[in-house]
Amino acid sequence: VQLVESGGGLVQAGGSLRLSCAASGFITDDYAIGWFRQAPGEDREGVACITGRDGRLHYGDSMQGRFTIARDDAENTVYLQMNSLKPEDTAVYYCAVTEVRNGGSYYCLPYGYDFWGQGTQVTVSS
């Protein structure tokens with residue numbers, strides 16, 4: 001399984017970024033794919049995930065209404081549109097994928113995900 005993220009960078013508060021994650025080598029259609037982030041000294045947290053064949057969405061509490069996750073099955077790519085960015089959104093953002101199999105994969109929790117990308121830095125200046 002290979003996950004390649006792109007789209008990170010430096011943006012001013014209030015601005016927008018779109019992250020992309022191209023996935024390959026994953027053969028089940030009952031999977032969860034999502035975005036997580038980790039700031040220095042903080043635990044990794046779920047940002048937004050799409051779970052299962054029905055594409056159920058889950059967002060972290062502080063991302064509701066600002067971030068949108070979308071999946072392009074034809075391109076095996078998942079996107080994260082981030083609007084109204086805040087300095088506290090600064091972190092390394094990771095794409096991850098897993099077969100749907102436990103609570104972590106249902107509820108966008110890092111422990112539930114098996115395969116991870118290398119991460120992309122997002123920095124929001126005030």
Within the distance-only criterion (no hydrogens, no angle test), does the side chain of [X] pair as donor or acceptor with the backbone N or O of [Y] below 3.5 angstrom?
| X | Y | value |
| --- | --- | --- |
| Thr98 | Gly112 | yes |
| Glu5 | Cys95 | yes |
| Asp73 | Asn76 | no |
| Gln121 | Gly9 | no |
| Arg56 | Tyr106 | yes |

Quick one: [atom1] on [X] to [atom2] on [Y], what's the gap to the nearest 0.5 Å?
| X | Y | atom1 | atom2 | answer |
| --- | --- | --- | --- | --- |
| Met82 | Tyr93 | CE | OH | 5.0 Å |
| Glu88 | Ser126 | CD | OG | 10.0 Å |
| Arg18 | Ser16 | CZ | OG | 12.0 Å |
| Thr68 | Tyr79 | OG1 | OH | 14.5 Å |
| Asp72 | Cys21 | CG | SG | 12.5 Å |

Would you name the heavy atoms of [X] and [Y] that are closest together and state the gap between them?
| X | Y | answer |
| --- | --- | --- |
| Gly52 | Arg71 | O-NH1, 3.5 Å |
| Ala91 | Arg37 | CB-CB, 3.9 Å |
| Ile69 | Ile33 | CD1-O, 4.1 Å |
| Leu3 | Ala23 | CD2-CB, 3.5 Å |

Does [X] reach the side chain of [Y], with side-chain heavy atoms less than 4.5 Å apart?
| X | Y | result |
| --- | --- | --- |
| Phe67 | Asn83 | no |
| Tyr94 | Thr120 | no |
| Val122 | Leu19 | yes |
| Glu45 | Met63 | yes |
| Asp89 | Arg66 | yes |
| Tyr113 | Cys49 | yes |
| Gln2 | Phe115 | no |

| task | Apply side-chain contact (heavy atoms from CB on, under 4.5 Å) to the pair Thr51 and Val100, showing each step before the final yes or no. | result | CA-CA 7 Å; Thr51 302; Val100 177; 3.9 Å; yes
| Are Val4 and Val97 connected in the hydrophobic side-chain network, where two residues link if heavy atoms are under 4.5 Å apart? |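 The answer is no; the residues belong to distinct hydrophobic clusters.
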| field | Shared hydrophobic cluster, Val78 / Val92 (ILVMFWY, side-chain heavy atoms < 4.5 Å) | value |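 Val78 and Val92: separate clusters.
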More than 12 heavy atoms of other groups within 6.0 Å of [X] [atom1]:
| X | atom1 | value |
| --- | --- | --- |
| Asp43 | CG | no |
| Gln64 | CD | yes |
| Asp54 | CG | yes |

| request: List the steps and the verdict of side-chain contact (heavy atoms from CB on, under 4.5 Å) for Arg53 and Asp29. | output: CA-CA 7 Å; Arg53 297 182 181 93; Asp29 64 347; 3.2 Å; yes
| Between Arg101 and Asp30, does at least one N-O distance fall below 4.0 Å, as a salt bridge requires? |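 Looking at Arg101 and Asp30, the cut-off is not met.
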| query | Centres of the Trp116 and Phe36 rings: under 6.0 Å? | reply |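 Yes, close enough.
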